[in-house]
Amino acid sequence: MCGIVGAVAERNVTAILLEGLKRLEYRGYDSAGVAVFTNAGKLERMRRPGKVAELEQALLGEPLVGRLGIAHTRWATHGAPCERNAHPHFSGDLAVVHNGIIENHEVLREQLKGLGYVFTSDTDTEVIAHLLNHKLKDHSDLTTALKATVKELHGAYGLAVISASQPDRVVAARSGSPLVIGLGLGENFLASDQLALRQVTDRFMYLEEGDIADIRRESVSIWDVDGNPVEREAVQYRDGAEAADKGEFRHFMLKEIHEQPSVVQRTLEGRLSQNQVLVNAFGPQAAELFAKVRNVQIVACGTSYHAGMVARYWLEELAGIPCQVEVASEFRYRKVVVQPDTLFVTISQSGETADTLAALRNAKELGFLASLAICNVSISSLVRESDLTLLTQAGREIGVASTKAFTTQLVGLLLLTLSLGQVRGTLAAGVEATLVEELRRLPTRLGEALAMDSTVEKVAELFADKNHTLFLGRGAQYPVAMEGSLKLKEISYIHAEAYPAGELKHGPLALVDDDMPVVTVAPNNELLEKLKSNLQEVRARGGQLIVFADEKAGMVNGEGTHVINMPHIHDTLSPILYTIPLQLLSYYVAVLKGTDVDQPRNLAKSVTVE
Ligand code: G6P
C-alpha cells in the first residue's frame, strides 16, 4: 500500500528517493511521484500513473536535482489512479505526501474552498496541503503549523511535508500509519518502512502514535501527542540490507513458496524441547497467563484470517478451548460480548494492517485477559502494542499473495494450541510428544510436497481458459480451501469460491458443469468417505475434479477426475502440507494467464488504511 520516502542531504536526493520507492514497490500501488526543492531554488514535482519505472523514465527526460525531497507511491482510495491524484500534492510553496485516509476531508474541503483554495485533485491529501498552507498564515514555523493542522484531521495519517520557504527540513506526523526516520551523517531521511532506506543507513528512529518530527541535515526533533519534546530510541540493524533478490526463481512468489521448509524450520527453532513446546517462546509471563485462559478470540485479515480459522479446529480439538475467529474489519465495529478470561489473539504478517491494529486497540478497552500477536515483523506496531508475541520467522515476504507467512503462522498457532493444552492440562503428554515429533518432520514433508511442483504445473493447464472455480474441504481443510481460492483469485483473477464440502448440495452444486473445475483437498481422515460422496455429486454433473489426496486415501484417476497424491502426514498437520499444492496451482495458473504475479492489480501487501 502507499509508501513514503523523504530526504534532506548535502547531495542530490532524487536517486535516493527513487530507490526508496522501488524498495516499497512490493507493497502494491498504482501511481508514483516525487517533489524536490531544486538547486535552482524551486519546488518541482514529477508524477506518473503506473510503476516507479515510468516515473524514473520521465525523470531521465526532465531531471529534478536538489538536496531536499519527498516521494510517494499511491494506492488509490479517494480518486482514480491518475497523474492529477498522485502525490506529492502542492499548496503554494508546500508539498505533501500522505499515507492513510482523512475521514473529514469533505467538510475540510468545503471550508477551504470557502477560503479561496482551488483543488486540483480528488484526493483527501490535497485537503491537508491547503489546510497546512492556511495554518502557516498564523504560525510561520512549519512544525508549529503542522501541529495545528493535525489537530483538525480525523482519520489515519503518516505525513511528510517540505516547503520552498523553509528548505532545510522535512517535517512529518504519524497517527495510525507508520513512519521511521533514517539517521545518516550530515543527512537524514524519512520513510513509511525502514526497508526503503536500507541503502543509505542502518540506524533508525521509529515515530510513535501522535508524534510530530522536524528532520534536518544535522538534527532531528520530535514532539509527542501532547506537544512535549521527546527522545525516541535509535536502533541499529547490523544484518545488512535485506536483498530483494529472486535468485533462480522467476517470481518472488515462487521463491517464497520454495522457502517454506526452511522458514518453518526457523519458526520452530528454540521453541521445542525433546517432547514439549517451550511455553516461554510466547514471553516470560506466558505460562502464568495461559493457565487462566478459558476462551480464545482470534482476529485477523486476509490470509492471516484463514490461519486463524485453521487454529480454531486445533484449539477446540486439542486444547479443549472454545475459540472464535473473526475478520478484523467486522470485529472492530461490532458490539462484542467478551467471555471472562478470553485471550485476544491477532495474526498478521506485517503487523501494520490498519483493521487488525484497530481491533487490538479496541480490545484493550473490552476486558480481555491479555493480547497475543503472531506476527512476522518484530518492529511492527502490532508487536509493540501486544502483551505477548510469537514472531514467525518467514523473513521478508515480497509477493503480495502471502505464502510462507501463512504456513509459519500455522506453525505458530499450533505451538500456541499445544502450549495452552500443556499449561491447562487438557492435552495428554503423549499427544503433545507425538505432535512435537511431527512438527520436527514437517520441513521434510513440505520439501516432498514441493517436489510435486511440475505435476501441479501440468494440472494448472486445466484452468487456463476457465472463469470460475470451486474449492472444497472439510474440517480444518475447509479454511485451507478458502486460502486456496483466495490465492487463485488474487493472482490469476479467476473467480474462485470455497465451500465446506458438505454445503455443496445447498447451493453451489447448481453452478457445477464441465466449465467449472472443482479443487478438493482430501487427507486420509475420518471425513474422507463423506468427502468422496461429495465428489461423486460433482462428477455426476459433469464437473472436472482436481483432488489433492493422501497417498493412502485410495482415490484414483478417472475420466474427469485428476488425483494428485500427497505424502502421508499426521492429520493435525495436514492443513499446513495441503496448502503447498494449492499455492503452486495458483502460481502456475497465474503464470499461464500472464498476470503480474508478485504485484497483482488493485491489491497491496500491507493494507494500512481501513
Ligand atoms: C493484504 C495482503 C494479504 C494479507 C492481508 C493481511 O490484503 O495482500 O496477503 O493476508 O493484507 O495482512 P497481514 O499483514 O495483517 O497479515
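Order of listing sets the numbers, starting from 1, for every ligand and every atom in it. Given the structure is predicted, the values throughout are model-derived calculations rather than measurements.
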**Request:** Specify the closest pair of heavy atoms between Ala496 and Phe471, including all atoms of both residues, with the distance to one decimal.
**Result:** CB-CE1, 4.0 Å
**Request:** Specify the protein heavy atom at minimum distance from atom 12 (O) of ligand 1: its residue, its atom name, and the distance to 0.1 Å.
**Result:** Thr353 OG1, 3.3 Å
**Prompt:** With only distance considered, is Thr303 within less than 3.5 Å of ligand 1 through an N or O on each side?
**Reply:** yes
**Prompt:** Which atoms from ligand 1 have a heavy atom of Ser348 less than 4.0 Å away?
**Reply:** 13 (P), 14 (O), 15 (O), 16 (O)
**Prompt:** With a 4.0 Å heavy-atom cut-off (strictly under), which part of Lys605 contacts ligand 1: side chain, backbone, both or neither?
**Reply:** backbone
**Asked** Would you say ligand 1 has an N or O under 3.5 Å from any N or O of Val400?
**Response** yes
**Donor on one side chain, acceptor on other, Thr303 and Glu483, under 3.5 Å** = yes
**Fill in**
ligand 1 to Ser402, heavy atom cutoff 4.0 Å, flagged ligand atoms 9 (O)
**Request:** Could you tell me whether ligand 1 has any atom less than 4.0 Å away from a heavy atom of Val607?
**Result:** yes
**Asked** Please state which protein non-hydrogen atom is closest to atom 6 (C) of ligand 1 and give its distance, to 0.1 Å?
**Response** Cys301 O, 3.4 Å
**Item:** Residues, nucleotides or ligands: over 12 heavy atoms within 6.0 Å of Glu269 CD
**Value:** yes
**Complete:** protein heavy-atom neighbour closest to atom 1 (C) of ligand 1 works out as Ala604 O, 3.5 Å
**Request:** Scan side-chain atoms only and decide if Asn295 and Gln339 contain a donor-acceptor pair under the 3.5 Å cut-off.
**Result:** no
**Prompt:** Without hydrogens or angle criteria, can the side chains of Thr403 and Gln583 be said to hold a donor-acceptor pair below 3.5 Å?
**Reply:** no
**Prompt:** Mind checking whether Ala401 has a heavy atom under 4.0 Å from ligand 1?
**Reply:** no
**Request:** Would you kindly say whether Glu83 and Ser31 are connected by a side-chain donor-acceptor distance under 3.5 Å?
**Result:** no
**Asked** Distance only, no hydrogens: is a donor on one side chain within 3.5 Å (strictly under) of an acceptor on the other, for Gln477 and Ser574?
**Response** yes
**Prompt:** ligand 1 and Thr356, any nitrogen or oxygen pair closer than 3.5 angstrom?
**Reply:** no
**Message:** Regarding Ser121 and Thr123, do their side chains bring together a donor and an acceptor under 3.5 Å, going by distance alone?
**Reply:** yes
